[in-house]
Amino acid sequence: MATIEEVEMGRYAKELEDDVRHLVRKYCRIMAWDIPDLDEQAARRLILGALRSSVTHVESE
(Lines give C-alpha, C1' and ligand atoms only; values in the text may rest on other atoms or scores of the structure.)
Protein backbone atom coordinates (compact mmCIF):
# COMPACT_ATOMS: atom_id res chain seq x y z
CA MET A 1 0.00 0.00 0.00
CA ALA A 2 1.31 3.42 -0.94
CA THR A 3 1.96 6.02 1.72
CA ILE A 4 0.09 9.31 1.62
CA GLU A 5 3.34 10.98 0.50
CA GLU A 6 3.65 8.59 -2.46
CA VAL A 7 0.05 9.20 -3.47
CA GLU A 8 0.54 12.94 -3.23
CA MET A 9 3.80 12.78 -5.20
CA GLY A 10 2.04 10.78 -7.90
CA ARG A 11 -0.20 13.76 -8.46
CA TYR A 12 2.82 15.91 -9.25
CA ALA A 13 4.64 13.56 -11.66
CA LYS A 14 3.32 15.28 -14.80
CA GLU A 15 4.03 18.72 -13.35
CA LEU A 16 7.61 17.69 -12.54
CA GLU A 17 8.11 16.47 -16.10
CA ASP A 18 6.77 19.78 -17.41
CA ASP A 19 9.16 21.65 -15.10
CA VAL A 20 12.13 19.63 -16.39
CA ARG A 21 11.12 20.35 -19.99
CA HIS A 22 10.88 24.04 -19.10
CA LEU A 23 14.37 23.99 -17.54
CA VAL A 24 15.85 22.30 -20.62
CA ARG A 25 14.24 24.88 -22.92
CA LYS A 26 15.39 27.70 -20.64
CA TYR A 27 19.01 26.63 -20.61
CA CYS A 28 19.00 25.87 -24.35
CA ARG A 29 17.87 29.47 -24.94
CA ILE A 30 20.59 30.77 -22.62
CA MET A 31 23.26 28.66 -24.36
CA ALA A 32 22.03 29.87 -27.76
CA TRP A 33 22.80 33.47 -26.77
CA ASP A 34 26.51 32.60 -26.73
CA ILE A 35 26.47 29.82 -29.33
CA PRO A 36 24.59 30.95 -32.45
CA ASP A 37 24.84 27.53 -34.18
CA LEU A 38 23.88 25.57 -31.08
CA ASP A 39 23.55 21.81 -31.53
CA GLU A 40 20.30 21.47 -29.59
CA GLN A 41 20.55 17.70 -29.15
CA ALA A 42 24.05 18.00 -27.68
CA ALA A 43 22.91 20.91 -25.50
CA ARG A 44 19.92 18.89 -24.24
CA ARG A 45 22.21 15.98 -23.31
CA LEU A 46 24.57 18.30 -21.44
CA ILE A 47 21.72 20.09 -19.65
CA LEU A 48 20.04 16.83 -18.63
CA GLY A 49 23.39 15.51 -17.38
CA ALA A 50 23.83 18.64 -15.29
CA LEU A 51 20.30 18.26 -13.92
CA ARG A 52 21.02 14.64 -12.97
CA SER A 53 24.21 15.74 -11.18
CA SER A 54 22.28 18.46 -9.37
CA VAL A 55 19.61 15.99 -8.25
CA THR A 56 22.30 13.60 -6.98
CA HIS A 57 24.00 16.45 -5.11
CA VAL A 58 20.77 17.67 -3.51
CA GLU A 59 19.79 14.11 -2.66
CA SER A 60 23.05 13.59 -0.76
CA GLU A 61 22.59 16.70 1.40
Side-chain angles (χ1 to χ4, degrees):
M1 176 177 260
T3 66
I4 189 73
E5 292 85 0
E6 291 169 330
V7 171
E8 188 68 13
M9 199 62 244
R11 295 178 182 166
Y12 297 117
K14 172 91 171 74
E15 189 173 336
L16 279 170
E17 286 179 21
D18 290 344
D19 288 344
V20 170
R21 284 186 189 93
H22 174 76
L23 283 171
V24 170
R25 285 191 305 268
K26 173 185 173 180
Y27 285 101
C28 272
R29 277 194 314 272
I30 291 169
M31 290 175 81
W33 294 341
D34 294 323
I35 308 169
D37 296 327
L38 180 68
D39 179 342
E40 288 196 31
Q41 286 186 325
R44 286 175 55 85
R45 282 193 300 275
L46 291 169
I47 293 163
L48 288 168
L51 284 169
R52 283 186 196 96
S53 294
S54 294
V55 167
T56 300
H57 178 78
V58 170
E59 191 174 42
S60 69
E61 293 179 341

Next on the checklist: Tell me whether Tyr12 shares a hydrophobic cluster with Leu51, the cluster being built from Ile, Leu, Val, Met, Phe, Trp, Tyr side chains joined at under 4.5 Å.
Outcome noted: no

Item to check | Full working for salt bridge (charged side-chain N to carboxylate O under 4.0 Å, His left out) between Glu40 and Arg44 | outcome: CA-CA 6 Å; Glu40 288 196 31; Arg44 286 175 55 85; over 6 Å; no

Next on the checklist: Please determine whether residues Trp33 and Tyr27 belong to a single hydrophobic cluster, defined as Ile, Leu, Val, Met, Phe, Trp and Tyr linked transitively by side-chain heavy-atom distances below 4.5 Å.
Outcome noted: yes

Next on the checklist: Membership question, hydrophobic clusters at under 4.5 Å side-chain separation (ILVMFWY): are Ile30 and Leu46 in the same one?
Outcome noted: no

Item to check | Pairing residues for Glu6 by the salt bridge (charged side-chain N to carboxylate O under 4.0 Å, His left out) criterion, not counting sequence neighbours | outcome: none

Checklist entry - Is Asp18 close to Arg21 at the side-chain level, that is, under 4.5 Å between some pair of heavy atoms? => result yes

Checklist entry - If you measure from CD on Glu61 to CD on Glu59, what distance do you get to the nearest 0.5 Å? => result 10.5 Å

Item to check | Leu16 vs Met9, side chain to side chain contact (heavy atoms under 4.5 Å, CB included): CA-CA, chis, key distance, verdict | outcome: CA-CA 10 Å; Leu16 279 170; Met9 199 62 244; 3.2 Å; yes

Next on the checklist: Just verifying a value: how many Å separate Cys28 SG and Leu38 CG, rounded to the nearest 0.5 Å?
Outcome noted: 6.0 Å

Item to check | salt bridge (charged side-chain N to carboxylate O under 4.0 Å, His left out) involving Arg11 - partner list, sequence neighbours excluded | outcome: Glu8

